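The structure's right below; bear with me while I get my questions together.
The shown structure was predicted, so the numbers you read here are calculated from the model rather than taken from an experiment. Letters A, B, ... are given to chains in the order of the sequence lines, protein chains preceding strands, and every chain is numbered from 1.
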There are 2 protein chains.
Amino acid sequence: MSGVPAIDPNGAELVYVQVANHMAARIESGEWEPNRRLPPERELADFYGVSYDSVRRATAMLREQGLIVTVHGRGTFVKPRH
Amino acid sequence: MSGVPAIDPNGAELVYVQVANHMAARIESGEWEPNRRLPPERELADFYGVSYDSVRRATAMLREQGLIVTVHGRGTFVKPRH
DNA sequence: CTGTATTTGTTCGTATGTATT
DNA sequence: AAATACATACGAACAAATACA
């Protein structure tokens, strides 16, 4: 029903890692297609029920992994796999 | 008296609530008359010595309270009392 | 009609304080 | 002590709507 991903603050995995994993899965699954703009970071924080800080850590991971690209003032985009 | 609005960043009340309260008082007092356009949000931020973000939060409160109306690209106006 | 200036709207970036682990 | 997590606030970049010459 929910469709809302369960981020468990008391889970074995760190909150921001849980968020990063879930976001990566959405990219892998094609829910977020290449070149598409992701929801704003603050919206994602709301969506996942976590702090902006945690989303920032999560997106930092995905950026390091080359999955996304972020542009100041514009948004975050799914990087096409070359 | 002072004319200088003392927004205390370390006060018990949140910054944007302090700003909202001060703005509401200016409307109540008649300093800002009905249908008048308020100073631009960024100017208010300067005036109060707070961030644009805080002014946005404050005006959002006043909009919810029905004290002001904002039009994209035009400005923010004091709502006439019914 | 075509710019240009003004003003609000959106989004990412950074800093700080507190609490918890 | 150090890292995580949350909340607030400030700052910067990008964008859209409006007005007007």
Give a yes/no on whether any side-chain N or O of A:S51 is located under 4.0 angstrom from OP1 or OP2 of D:dA5.
->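 Checking A:S51 against D:dA5: no side-chain N or O falls below 4.0 Å of OP1 or OP2.
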Original post:
In terms of the nearest nucleotide of DNA chain C, which residue is placed more toward the 5' end: A:L38 or A:D53?
Top reply: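 With A:L38 and A:D53 compared, the 5'-side residue is A:L38.
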Exercise. Side-chain contact, heavy-atom cut-off 4.5 Å: B:M23 with B:L38?
Worked result: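 Answer yes - side chains close enough.
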Check your understanding: Just how far, in rounded Å, is P of C:dT8 from CD of B:E43?
Key ->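 Value for this atom pair: 9 Å.
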Output the rounded distance in Å from CG (B:L14) to P (C:dT18).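 From B:L14 CG to C:dT18 P: 14 Å.
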- Query: Reckon A:R57 has a side-chain N or O less than 4.0 Å from the OP1 or OP2 of D:dA3?
  - Reply: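 For A:R57, the contact criterion (side-chain N or O under 4.0 Å from OP1 or OP2 of D:dA3) is not met.
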Query - Side-chain N,O (A:R74) to OP1/OP2 (D:dA15) below 4.0 Å - result: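 So the side-chain polar atoms of A:R74 do come within 4.0 Å of the phosphate oxygens OP1 or OP2 of D:dA15, strictly under.
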Give, for atom CG of A:D46 and atom OH of A:Y52, the distance between the pair rounded to the nearest 0.5 Å.
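The OH atom of A:Y52 is 12.5 Å from CG of A:D46, to the nearest 0.5 Å.
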**OP:** Write down the atom of A:N10, the atom of A:D8, and the distance for their closest heavy-atom approach.
**Re:**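 Taking A:N10 first and A:D8 second, the nearest heavy atoms are N-OD1, 2.8 Å.
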For residues A:R37 and A:T76, is any side-chain donor paired with an opposing acceptor at under 3.5 Å?
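No - no donor-acceptor pair under 3.5 Å links their side chains.
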Fill in: Option among A:V19, A:T70, A:V78, A:I68 that satisfies the side-chain contact (heavy atoms from CB on, under 4.5 Å) test with A:L62
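That would be A:I68.
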Worksheet item: Under a 3.5 Å cut-off for both distances, is C:dA15 Watson-Crick or wobble paired, and to whom?
Response: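 C:dA15 is paired, partner D:dT8.
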### Message
Check this for me, if you would: do B:D53 and B:R57 make a salt bridge, where the nitrogen-to-carboxylate-oxygen distance has to be below 4.0 angstrom?
### Response
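A salt bridge is present here (some side-chain N lies under 4.0 Å from a carboxylate O).
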- Query: A:R42 CZ to D:dC10 C1': how many Å, rounded?
  - Reply: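 In whole Å, D:dC10 C1' and A:R42 CZ are 11 Å from each other.
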From A:L67 CG over to A:M61 CE, what is the distance, rounded to the nearest 0.5 angstrom?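 One gets 10.0 Å once the value is rounded to the nearest 0.5 Å.
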**Asked** Whole-Å distance between D:dT8 P and B:D8 CG?
**Response**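 Rounded to the whole Å, the gap is 17 Å.
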* Report the distance from atom CG of A:N10 to atom P of D:dC6, rounded to the nearest whole Å. =>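 Taking CG of A:N10 and P of D:dC6, I get 11 Å after rounding.
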Using a cut-off of strictly less than 4.0 Å, decide whether A:S54 has a side-chain nitrogen or oxygen near OP1 or OP2 of D:dC6.
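Looking at the OP1 and OP2 atoms of D:dC6, one of them is under 4.0 Å from a side-chain N or O of A:S54.
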**Asked** What does A:Y52 touch in the nucleic acid at a heavy-atom separation under 4.0 angstrom: a base, only the sugar-phosphate, or nothing?
**Response**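 Base: the residue A:Y52, judged by heavy atoms under 4.0 Å, touches a nucleobase.
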- B:F47 CZ - C:dT7 C1' separation (whole Å):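 Going from B:F47 (CZ) to C:dT7 (C1'), I get 19 Å.
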Sorted by number, the residues of residues 60-73 of chain B with heavy-atom contact under 4.0 Å to DNA chain C: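 Here the set is B:T70, B:V71, B:H72, B:G73.
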